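Just below is one structure, and these are the notes that go with it.
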2 protein chains.
Amino acid sequence: MATSTVENYLKQILLLSAGDDALVSMGDLAAALAVVPGTATTMVKSLASDGLVDHHLRHGVRLTAAGRRVALGVLRRHRLIETFLVEVLKMDWTEVHAEAELLEHAISDAVLDRLDALLGHPAADPHGDPIPTRLGKIDAQVYATLATCVVAQPLRIVRVTEQSGEFLQFAERNGLRPGARVRVAERDLAAGLITLKKTSGRTVALSLAAAGNILVAPAR
Amino acid sequence: MATSTVENYLKQILLLSAGDDALVSMGDLAAALAVVPGTATTMVKSLASDGLVDHHLRHGVRLTAAGRRVALGVLRRHRLIETFLVEVLKMDWTEVHAEAELLEHAISDAVLDRLDALLGHPAADPHGDPIPTRLGKIDAQVYATLATCVVAQPLRIVRVTEQSGEFLQFAERNGLRPGARVRVAERDLAAGLITLKKTSGRTVALSLAAAGNILVAPAR
DNA sequence: GGCTTTATTTTGATTAGTCAAATTCTTATC
DNA sequence: GATAAGAATTTGACTAATCAAAATAAAGCC
């Protein structure tokens, strides 16, 4: 059985490799896990000797098929738990990430399956992040972000990546949750600033960096 | 923050001290936690230096007020989780103990309070074990067991102590769950055997040791 | 192409929790 | 009250995960 430390390393490598094949640097991995780089190196070596990752010395790390399977399991648990906390326990979508971070390592498959059924087998969590299936399939659809989409077109927010409470509370305050309708009124690359127009007529300004965390699709 | 190992030691000391003041032996504690006695000694010394227990060298260990507070918190989490698994996720009361054992160390107060409210602030879990309040109060009522109660009187099962799946499945198969009505038809101390009569007319035989795990009150 | 900056890896220590086996204490028994 | 049996403790060793700081490799720059 993988320890929760191992699970966290694998999950983080999956998230940082964006999709699948990119090598993840020790620096990024260490930062994401809040450890010093030397610790990440040590741990990655041990994951490699367990066949969970390929370590390309001094160049980065990549999940093996076995590691990916474990990582997707953790992600599934995390996202189903978040959905449960919001849908059943009525917690705020801006605060459930940290809770799920703990519970994801303690919940059994038996409990998870019940939860999944209770929630009606949801395809995405409250942030719009896709939930891997029991078999490890995950929706890999690529979306534009508010930083890259076309201007003026009516849009629907599909997903808010970035789990920090601060950012999510900013999003919530401004009605920028999955499902919300907006369009980009103006994009000033020099100033690094985006101005949104909501259906209510309200405008919201945010930085390019922040806008990159909000994924959108054309309003259907 | 107490690690889950520390939480388990404290919880187990509470359970083994039956009520409050009895000293718990290292042998019993080690057996309950599935470690060798030397490990228990080492850990108890460290708990003592943190002010969570009083260690009476070579005689046993007892919780301090601080340790008791922590232990009751763990017990509350455990029992509320068991109740949730049975009441909401419709799991079998004979199998939820092991699940709760893991989740009890990972659930936050915020989530626990929501769960408690969702369940309507239950006083006991599916085994009839009393749930400590948020303030650490626990129902200390003493009940007779099927091994000690008067013969022939109509009884109501209030609680099944002993969490092993085997025992609970035996109880379930024979309708011996909290709330069930029975009376003791015969108690043969020499043979160590008890014979029960259920309201359905069915009789059930069980050993004195097994009977000691089933707590009863006069049927109201 | 040599030098500097930056990232990565290595080395040596530390902490929590554990076991096996040797030692010491308590207690019951004669 | 001495002794044997049983329980508890101590000692030495190990694993997982971590950090600080030294050593090494890679990459960029003039």
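Only this structure's heavy atoms are used, side chains among them; waters, hydrogens and symmetry mates stay out. Chain naming here is simple, since letters A, B, ... match the order of the sequence lines and numbering starts at 1 in each. The structure displayed is predicted, hence computed values, not measured ones.
With hydrogens and angles disregarded, no donor-acceptor distance shorter than 3.5 Å links the side chain of E172(B) to the backbone of N174(B). Side-chain N or O atoms of T145(A) include none that pairs as donor or acceptor with a backbone N or O of N213(A) at under 3.5 Å.
Rounded to an integer number of Å, the gap from NE2 of H105(A) to P of dA17(D) is 12 Å. When rounded to the nearest whole Å, the span between CG of D50(A) and P of dT15(D) equals 14 Å. Nucleotide dT26(C) holds its C1' atom 15 Å from the CG atom of L23(B), rounded to whole Å. M43(B) places its CE atom 15 Å from the P atom of dT15(C), with the value rounded to the nearest Å.
Here S46(A) lies out of heavy-atom contact (under 4.0 Å) with every strand.
Note on T5(A): a side-chain N or O is less than 4.0 Å away from OP1 or OP2 of dA17(D). For the OP1/OP2 pair of dA16(D) and a distance below 4.0 Å, the side-chain nitrogens and oxygens of Y9(A) include no atom meeting the criterion.
Closest of all the heavy-atom pairs between I13(A) and V61(A) is CD1-CG1, 4.1 Å. Heavy-atom minimum distance, C149(A) versus L155(A): SG-CD1, 3.7 Å.
For the salt bridge (charged side-chain N to carboxylate O under 4.0 Å, His left out) criterion with E101(B), the lone passing option out of R77(B), R79(B), K11(B) is K11(B).
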Please tabulate, for the side chains in residues 113-140 of chain B, all donor-acceptor contacts under 3.5 angstrom to protein atoms that are two or more places apart in sequence or on a different chain.
unit_1	atom_1	unit_2	atom_2	d
R114(B)	NH1	L89(A)	O	3.4
R114(B)	NH1	K90(A)	O	3.1
D116(B)	OD2	R76(B)	NH2	3.2
D116(B)	OD2	H121(B)	ND1	2.9
D125(B)	OD1	H127(B)	N	2.7
D125(B)	OD1	G128(B)	N	3.1
D125(B)	OD1	D129(B)	N	3.0
H127(B)	ND1	E82(B)	OE1	3.0
H127(B)	NE2	W93(B)	O	3.0
D129(B)	OD1	R159(B)	NE	2.6
D129(B)	OD1	R159(B)	NH2	3.3
D129(B)	OD2	Q163(B)	NE2	3.0
T133(B)	OG1	L135(B)	N	3.2
T133(B)	OG1	G136(B)	N	3.3
T133(B)	OG1	K137(B)	N	3.1
D139(B)	OD1	Q141(B)	N	3.1

Letter by letter from the 5' end, nucleotides 2-14 of chain D scores (B base, S sugar-phosphate only, - none; protein heavy atoms under 4.0 Å) ------BBB----

